[in-house]
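Treat the numbers as computed from the prediction; the structure is a model and nothing was measured. Just so we're on the same page: letters track the sequence lines, and every chain starts at 1.
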Amino acid sequence: MGILQRMSMIFRAKADKALDRAEDPRETLDYSYKKQLELLQKVRRGVADVATSRKRIEVQMSQLAGQADKLQNQAAKALELGREDLAREALTRKSGLANQITDLQTQHSNLQGEEEKLTLAAQRLQAKVESFRTRKETIKATYTAAEAQTRIGEAFSGISEEMSDVGLAVQRAEDKTAELQARAGAVDELLASGVLEDVTGTAKDDITVELDRMASTNDVELELARMKQEITAGPSGAAPRELEGEAAAPAEQPATEPTQEGEQR
Amino acid sequence: MIVRIMGEGQLRLDAGSLDDLNRLDDELGAAIDSGDDERFRAALLALLDAVRAAGTPVPDEELVDSDLVLPYAEAHVDEVRAMLTDDGLIPESRTS
């Protein structure tokens with residue numbers, strides 16, 4: 001076994017190097033146990049760090065999704081008002097956000113995977129540490145220093161190997177988290193700087209301002225039209241008749257459509 | 001025979017599955033020599049799958065040495081090559 005054997009030899013060498021062998025092997029056991037507990041703490045901190053990063057990305061994803069929704073609504077509103085240019089602008093910005101969201105989703109599933117792996121590693125290490133502790137106490141209680149040396153054997157190298165592996169896994173998780181945090185920081189900055197906020201946030205962005213302006217113009221026009229109609233309806237134009245007229249108007253349209261369809265066929 | 005998959009833990013395998021693993025290990029070695037990450041990844045994943053399929057997980061509380069060690073699935077070919085050089089498994093070697 002070429003590669004695999006070489007890797008296991010390297011692993012063993014590293015595990016051996018990590019052992020500070022004391023004169024009395026029983027002391028070495030205690031020292032190693034102390035190191036194991038330290039590593040266990042470190043792995044648990046690692047799990048917590050990854051979880052924090054994951055939650056931060058979740059918050060950012062929902063913020064971005066909220067902004068994308070707003071832009072979608074703006075686009076719909078703009079189209080209703082016949083402003084295709086504004087609708088296009090809103091949809092363009094929305095598609096920019098969609099890319100960010102996709103990117104965050106990838107990061108999120110990365111972190112989730114990392115979190116699961118580390119959680120399992122922590123469980124594994126804890127079980128091994130516990131079994132090492134039992135073994136260590138038995139050895140210390142039962143054997144003299146000289147005898148203990150031969151009894152330690154595999155328990156010792158077994159746990160050292162696990163520690164090497166878990167130590168490296170934590171290191172990898174930390175590297176990955178640091179990298180993702182830098183990117184999450186960039187998204188935070190983007191959100192805070194107003195580049196995205198301006199589009200949809202509480203401070204009115206250009207699309208909103210334009211839509212508001214158009215909506216109010218539209219309302220004014222409608223109001224004016226209504227008032228004009230009231231005047232031209234004349235003095236005899238009683239309110240009930242006008243209401244009848246309004247009610248009749250929409251009913252006419254559906255009635256004409258089938259006829260048009262019929263003609264087309 | 002005990003095989004460790006880095007970051008995942010240990011598995012116990014019958015000696016009977018050795019032939020298969022040997023063949024896959026040869027391919028992994030060739031892939032590392034070629035430096036082609038795609039080829040390396042395919043070989044690594046094939047090996048990992050074979051080990052996972054043939055092995056039974058070693059119970060968490062068991063303390064035992066591994067006979068063989070496999071890189072973790074996401075490892076890059078350069079990373080593994082670095083592990084195999086004299087600096088060994090020390091992550092800092094990547095920055096030098």
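Using a 4.5 Å cut-off between heavy atoms, A:Q126 makes no contact with chain B at all. When heavy atoms are compared at a cutoff of 4.5 Å, B:L47 approaches chain A solely by way of its side chain, counted from C-beta outward. Proximity to chain A is absent for every atom of B:L24, based on heavy atoms less than 4.5 angstrom apart. Heavy atoms of B:D67 lying under 4.5 Å from chain A belong exclusively to its backbone. Residue A:L120 does not touch chain B at all, counting heavy-atom pairs closer than 4.5 Å. Residue contact with chain A, scored on non-hydrogen atoms closer than 4.5 Å, involves the backbone of B:P59 exclusively.
The environment of B:R81 atom CZ is dense: over 12 non-hydrogen atoms of other residues, nucleotides or ligands sit within 6.0 angstrom.
Shown here for A:D165 and B:I5, the closest heavy-atom pair between the two residues is OD2-O, 4.0 Å. Summarising the geometry of A:G158 relative to B:D65, their closest heavy-atom pair is N-OD1, 3.4 Å, with the distance given to 0.1 Å. In this structure, A:A127 and B:D60 approach most closely via the heavy-atom pair CB-CB, 3.5 Å. Here the closest heavy-atom approach between residue A:R124 and residue B:E8 is recorded as NH1-O, 2.7 Å.
For A:R172 and B:E79, the salt-bridge test fails: no basic side-chain N is under 4.0 Å from an acidic carboxylate O.
Between A:M7 and B:L84, the closest side-chain pair of non-hydrogen atoms falls below 4.5 Å.
B:E61 contributes atom CD, which lies 11.0 Å from atom CZ of A:R135 (distance to the nearest 0.5 angstrom).
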